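Since the structure comes first, as structure tokens, the remarks are kept for the end.
Side-chain atoms are counted along with the backbone in the values below, which use heavy atoms only and exclude waters and symmetry mates. Please read these numbers as outputs of a predicted model, since none were measured by experiment. If you read the sequence from its start, that first residue is 1, and numbering goes on from there.
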Amino acid sequence: MPTFLLVLAILSLIIGFGLIYWINRRKFYRRNVAGLEGFSSFEASVFIRFLERLGKWLAYVLILFSVLLFLLYNSEKKRLEKKYEGKKTERIISIQ
């Protein structure tokens with residue numbers, strides 16, 4: 001279970017940062033020599049900016065989700081270590 005949490009946390013972190021990078025890269029390459037963004041129409045401008053805004057919010061949510069998963073992974077790992085340590089101590093006591 002902890003390994004699954006770690007893998008999910010790493011994947012969501014990579015996807016979140018990748019999405020932010022991709023959106024910013026598209027925005028950069030859309031600019032012309034004067035530094036203005038070029039769109040084919042007003043509707044395209046509004047729609048694309050709206051989708052990019054949603055994409056960035058999704059990326060931020062994924063990054064926060066990955067941080068929470070890292071914290072959950074850490075607490076689960078500690079819980080399992082305590083559980084294993086307790087059984088190891090019981091075993092040593094019962095052998096003697």
Salt bridge (charged side-chain N to carboxylate O under 4.0 Å, His left out): which pairs involve residues 44-61, sequence neighbours left out?
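Applying salt bridge (charged side-chain N to carboxylate O under 4.0 Å, His left out) to every pair that reaches into residues 44-61, excluding sequence neighbours, yields Arg30-Glu52.
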Would you say Phe70 and Leu5 make side-chain contact, with heavy atoms under 4.5 Å?
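Side-chain contact under 4.5 Å: no.
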List for me each residue that meets salt bridge (charged side-chain N to carboxylate O under 4.0 Å, His left out) alongside Arg31, sequence neighbours excluded, and say none if there are none.
Glu37
Measuring from Lys77:NZ to Glu81:CD, what's the distance to the nearest 0.5 Å?
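Atom-to-atom, Lys77:NZ and Glu81:CD are 5.5 Å apart.
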Spacing of Leu51 atom CG and Phe47 atom CZ [to the nearest 0.5 Å]
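Interatomic distance, Leu51 CG to Phe47 CZ, rounded to 0.5 Å: 4.0 Å.
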Show every donor-acceptor pair shorter than 3.5 Å between a side-chain atom in residues 59-69 and any protein atom, with sequence neighbours excluded, or say none if there are none.
from, atom 1, to, atom 2, distance (Å)
Ser66, OG, Ile63, O, 2.6

Sequence neighbours left out, cut at 3.5 Å: what donor-acceptor pairs do the side chains of residues 7-22 make with other protein atoms?
from, atom 1, to, atom 2, distance (Å)
Ser12, OG, Leu8, O, 3.2
Ser12, OG, Ala9, O, 3.1
Tyr21, OH, Arg25, NH1, 3.4

Quick one: side chain to side chain contact (heavy atoms under 4.5 Å, CB included) partners of Leu80, sequence neighbours excluded?
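Side chain to side chain contact (heavy atoms under 4.5 Å, CB included) list for Leu80, sorted by chain: Pro2, Glu76.
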Going by side chain to side chain contact (heavy atoms under 4.5 Å, CB included), name the residues that satisfy it together with Ser40, two or more places apart in sequence or in a different chain.
Ala44
If hydrophobic clusters are built by linking Ile, Leu, Val, Met, Phe, Trp and Tyr wherever their side-chain heavy atoms come under 4.5 Å apart, do Phe4 and Leu6 end up in the same one?
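Yes, one cluster joins them.
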